[in-house]
Amino acid sequence: MNEAIANQLSWPFREAERVAARLKEKGKTSALFETGYGPSGLPHIGTFGEVARTSWVRRAFTELTGLPSRLLAFSDDMDGLRKVPDNVPNKDMLKAFLGKPLTQVPDPFGTHSSFGAHNNARLRSFLDSFGFDYEFASSSDYYLSGKFDNALLHVLARHDEIVEIIRPTLGPERRATYSPILPIHPRTGIVMQVPIEKTDAQAGTVVWTDPETGVRFETEVTGGSAKLQWKADWAMRWYALDVDYEMSGKDLIDSVKLSSAIVRALGAEPPVCLTYELFLDENGQKISKSKGNGLSVEQWLKYAPPESLAQFMYHAPQRAKKLFFDVIPRAADDYINGVVTARTSADPYGEPAWHIHAGDIPENAGSPIGFTMLLNLASVINADSPEMLWGFIRAYIPDATAEKYPFLAQLIQYAITYNQDFIAPNKKYRAPTELERTGLKDLQARLAAGFDEYPGETAAEKIQNMVYAVGKENKFTPLKAWFDCLYQVLLGQAEGPRFGGFVALYGVDRTIALISTALAREAAAV
RNA sequence: GAGCCUGUAGCUCAGUGGUAGAGCAUUCGACUUUUAAUCGAAUGGCCGUGGGUUCGACCCCCACCGGGCUCACCA
């Protein structure tokens with residue numbers, strides 16, 4: 001093993017070491033990583049976090065051991081439809097299919113063979129959009145094809161033992177009826193949550209009674225004629241597939257504990273598990289969809305690149321973190337700084353950027369300018385086009401082009417969007433005084449007439465000198481008041497960029513229009 | 001009831017047993033024709049409280065106090 005890796009302490013490597021130890025103990029030569037998805041709801045920011053984090057552990061495992069591995073994205077699409085979701089069409093149609101496996105429910109969107117298939121497709125396209133390396137698995141496929149049969153028969157043989165593991169954790173009502181085995185009703189197709197009256201390990205069947213009709217059935221547990229209740233299902237999956245690693249949120253701590261106990265009852269060792277903390281909103285309160293607090297993947301990616309979201313997910317998974325808008329710029333800058341650090345560090349394995357880029361940081365990753373600075377700049381010059389930002393950036397970095405700094409080019413787009421959505425709408429434009437009206441009209445007229453007569457090598461310098469001339473000739477005292485006027489009346493802010501450079505990049509015609517707007521605004525107010 | 005996270009500068013937070021850190025805010029300075037996203041510096045800390053381990057504790061252990069979250073129906 002590489003000494004540098006052995007000595008370094010980043011959490012993906014620590015986790016990878018645990019996986020390596022498990023494999024060594026079991027004599028395995030490849031590792032299976034799993035991430036699981038509930039059937040209800042669409043992929044969200046937590047989904048991204050879980051797959052990204054698992055991928056980092058997997059990559060660290062590769063670096064550490066050189067052994068092959070797989071990442072299985074497992075969808076529990078055989079679960080029964082419990083309630084009609086709010087956010088889908090054709091709700092009335094769905095009512096008729098309550099209780100049936102999601103892969104047996106028609107797709108309310110009408111685009112896929114079933115509701116389950118629809119959600120699976122959404123999940124896969126979500127994961128694909130980030131370029132994750134994974135294999136998709138459908139629970140229904142596994143049940144129906146018989147891949148789980150051996151494990152299911154094993155669960156049947158240990159049925160009573162498993163019941164005794166779960167039973168103490170249940171409320172009195174459920175305690176009376178609980179079984180890890182949920183037969184599919186042979187006539188209605190509904191996933192039945194009923195008392196199991198008899199188990200026959202030899203025949204591979206369970207006996208139960210339909211509570212509505214009183215009809216008794218003997219159902220095979222194999223071949224998709226039955227499925228398992230959640231905790232037993234998770235355990236059986238670990239057992240059947242020999243899963244080596246799976247992480248989950250702290251809301252599943254008890255499930256991990258119980259599923260692990262079930263796996264042991266089946267005679268196997270549970271996988272290496274990691275519990276991560278959930279996200280909070282900016283006030284440290286829980287995130288709930290009804291309140292609309294927190295942040296969606298779409299919102300994040302509208303204002304910053306995916307690398308910044310990955311950076312946020314990398315840091316301290318076992319710590320509860322506030323996830324709200326203001327953390328985005330910092331995450332972006334942490335990433336940008338991390339790229340530099342990872343390139344120059346003697347121990348790149350400890351750097352988030354190493355993990356985010358799967359050990360191979362592209363030549364053109366990173367940015368010569370921080371994101372926070374770009375946001376400030378975009379705000380100050382009220383940027384509404386990439387050209388404006390490039391123009392100001394070149395004052396500091398003459399060779400700055402999109403070709404040379406493609407990541408900076410992306411950041412510029414994000415900064416413009418940010419400015420348009422958050423800064424521009426909140427600008428407070430002051431009405432000009434009489435003196436200022438005169439000065440602005442003068443400036444407008446001179447811009448329209450041309451400014452070649454003023455000293456300076458460039459248009460920016462000529463305009464700059466003209467602006468000073470206007471201020472002096474109109475007797476602004478102190479002269480600073482003239483510039484305060486330009487920023488407060490034209491740009492809606494206390495301070496701003498050098499005005500000559502601003503006009504040159506913003507455009508003479510647009511500046512003239514900007515002045516007209518300001519003058520009209522004052523007139524309307526009077 | 002059970003479990004998890006958290007308490008460090010005014011604010012938001014890093015901190016891997018060995019000199020207490022960053023960003024923002026504040027103040028001062030540099031640059032600029034008295035206007036710039038900038039640059040430099042300063043200020044700011046019983047690291048929640050009390051014990052313990054250690055040559056040495058923000059860090060490890062115990063107790064307590066404060067702030068949150070999760071699970072006890074389903075997944």
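The A:L252 side chain lies nearest to B:A75 when the options are B:G3, B:C71, B:A75. You'll find that the side chain of A:R174 is closest to B:C73, out of B:C4, B:U32, B:C73.
Atom C1' of B:U49 sits at a distance of 50 Å from the matching atom of B:C31, rounded to the whole Å. Taking atom P in both B:C64 and B:U27, the straight-line distance is 45 Å, to the nearest Å. As rounded to the nearest Å, B:U19 and B:C58 have P atoms that lie 10 Å from one another. Distance noted for atom P between B:G40 and B:G23: 9 Å (whole Å). B:A9 and B:G15 are spaced 15 Å apart, taking the P atom of each and rounding to whole Å. Comparing the same atom, C1', in B:C39 and in B:G51 gives a spacing of 49 Å after rounding to whole Å. Nucleotides B:C24 and B:C60 have their P atoms positioned 30 Å apart, rounded to a whole Å. Taking atom C1' in both B:U54 and B:U12, the straight-line distance is 34 Å, to the nearest Å.
The pair A:R18-A:E15 meets the salt-bridge criterion, since a charged nitrogen lies less than 4.0 angstrom from a carboxylate oxygen. Salt-bridge annotation for A:R237 and A:E34: present, with a side-chain N of the basic residue lying under 4.0 Å from a carboxylate O of the acidic one.
Across the interface with RNA chain B, nearest-nucleotide mapping of A:A316 and A:P172 shows A:A316 to be the residue nearer the 5′ end. The 5' end of RNA chain B is approached more closely, in terms of each residue's nearest nucleotide, by A:P455 than by the other of A:P455 and A:P497.
Heavy atoms of A:T372 sit nowhere under 4.0 angstrom from any nucleic acid atom. A:Q229 comes within 4.0 angstrom of sugar-phosphate atoms only, judged by non-hydrogen atoms across all strands, and of no base. Here A:Y487 lies in heavy-atom contact (under 4.0 Å) with a base. Among the heavy atoms of the strands lying under 4.0 Å from A:L479 is at least one base atom, whether or not backbone atoms are also near. A:I381 comes within contact range of no nucleotide atom at all, as no heavy-atom separation falls under 4.0 Å.
Minimum interatomic distance between A:A240 and A:F148 (heavy atoms only, all atoms of both residues): CB-CD2, 3.8 Å. The two residues A:P108 and A:V88 have their closest heavy-atom pair at CG-CB, 4.2 Å.
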For residues 369-388 of chain A, dump all side-chain donor-acceptor pairs below 3.5 Å to protein atoms at least two apart in sequence or in another chain.
{"residue": "A:T372", "atom": "OG1", "partner": "A:D333", "partner atom": "OD2", "Å": "2.5"}
{"residue": "A:N382", "atom": "OD1", "partner": "A:N419", "partner atom": "ND2", "Å": "3.2"}
{"residue": "A:D384", "atom": "OD2", "partner": "A:R510", "partner atom": "NH2", "Å": "2.4"}
{"residue": "A:S385", "atom": "OG", "partner": "A:M388", "partner atom": "N", "Å": "3.4"}

Going by atom type alone, with no hydrogens or angles, which donor-acceptor pairs under 3.5 Å involve a side-chain atom of residues 175-184 of chain A and a protein atom two or more places apart or on another chain?
{"residue": "A:R175", "atom": "NE", "partner": "A:R167", "partner atom": "O", "Å": "3.4"}
{"residue": "A:R175", "atom": "NE", "partner": "A:L170", "partner atom": "O", "Å": "3.2"}
{"residue": "A:R175", "atom": "NH2", "partner": "A:L170", "partner atom": "O", "Å": "2.6"}
{"residue": "A:T177", "atom": "OG1", "partner": "A:R174", "partner atom": "O", "Å": "3.3"}
{"residue": "A:T177", "atom": "OG1", "partner": "A:R174", "partner atom": "NH1", "Å": "3.1"}
{"residue": "A:Y178", "atom": "OH", "partner": "A:Q229", "partner atom": "OE1", "Å": "2.7"}
{"residue": "A:S179", "atom": "OG", "partner": "A:H159", "partner atom": "NE2", "Å": "2.8"}
{"residue": "A:S179", "atom": "OG", "partner": "A:I181", "partner atom": "N", "Å": "3.0"}

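Under the side chain to side chain donor-acceptor pair (under 3.5 Å) criterion, A:E50 pairs with A:Y276, not counting sequence neighbours. When the salt bridge (charged side-chain N to carboxylate O under 4.0 Å, His left out) test is applied to A:E473, the partners found at least two apart in sequence or on another chain are A:R446. Under the rule for a side chain to side chain donor-acceptor pair (under 3.5 Å), the partners of A:S255 that lie at least two apart in sequence or sit in another chain are A:W230. A:F126 is linked by a ring-ring contact (aromatic ring centres under 6.0 Å, His included) to A:F130, counting only residues two or more places apart in sequence or in another chain.
The number of heavy-atom neighbours closer than 6.0 Å to NZ of A:K480, taken from other residues, nucleotides and ligands shown, is 12 or below. Open room surrounds NZ on A:K475; 12 or fewer heavy atoms of other groups in view lie less than 6.0 Å from it.
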Show the distances under 3.5 angstrom between N or O atoms of the protein and N or O atoms of nucleotides 57-61 of chain B.
none

Any N/O pairs under 3.5 Å between the protein and nucleotides 5-13 of chain B? List them or say none.
{"residue": "B:C5", "atom": "O4'", "partner": "A:E277", "partner atom": "OE2", "Å": "2.7"}
{"residue": "B:C5", "atom": "O2'", "partner": "A:A320", "partner atom": "N", "Å": "3.2"}
{"residue": "B:U6", "atom": "OP1", "partner": "A:R319", "partner atom": "NE", "Å": "3.1"}
{"residue": "B:C13", "atom": "OP2", "partner": "A:K322", "partner atom": "NZ", "Å": "2.9"}
{"residue": "B:C13", "atom": "O2'", "partner": "A:R330", "partner atom": "NH1", "Å": "3.3"}
{"residue": "B:C13", "atom": "O2'", "partner": "A:R330", "partner atom": "NH2", "Å": "3.3"}

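Residue pairs that meet the salt bridge (Lys or Arg N to Asp or Glu O under 4.0 Å) test with at least one member in residues 308-329 of chain A, sequence neighbours left out, do not exist here. Applying the salt bridge (Lys or Arg N to Asp or Glu O under 4.0 Å) test to pairs two or more places apart or on separate chains, those with a residue in residues 407-422 of chain A are A:K302-A:D421.
In RNA chain B, the stems built from three or more successive Watson-Crick or G-U pairs (distances below 3.5 Å) are B:1-7 with B:65-71, B:10-13 with B:21-24, B:26-30 with B:38-42, B:48-52 with B:60-64.
Rounded to an integer number of Å, the gap from CG of A:D251 to C1' of B:A75 is 10 Å. Note: CG (A:D334) to P (B:G21) measures 19 Å, nearest angstrom. Rounded to a whole Å, the CG atom of A:L374 is 11 Å from the P atom of B:U38. Across the protein-nucleic acid pair, A:Q311 atom CD and B:A14 atom P stand 12 Å apart, rounded to whole Å. Whole-Å rounding puts the A:F483 CZ to B:U32 P distance at 15 Å. For the pair A:R167 CZ and B:C73 P, the computed distance is 15 Å after rounding to whole Å. Taking atom CG on A:L389 and atom C1' on B:A36, their separation rounds to 14 Å, with Å as the unit. Separating the NZ atom of A:K257 from the C1' atom of B:U70 is a distance of 12 Å, rounded to the nearest angstrom.
In summary, of the residues considered (A:S75, A:S114, A:S140, A:S139), a side chain to side chain donor-acceptor pair (under 3.5 Å) with A:T103 occurs for A:S140 alone.
Looking at residues 75-86 of chain A, you'll see A:D76, A:D79, A:R82 sit with a heavy atom under 4.0 Å from some atom of RNA chain B.
Side-chain rings of A:W482 and A:Y468 stay apart, their centers remaining 6.0 Å or farther from each other.
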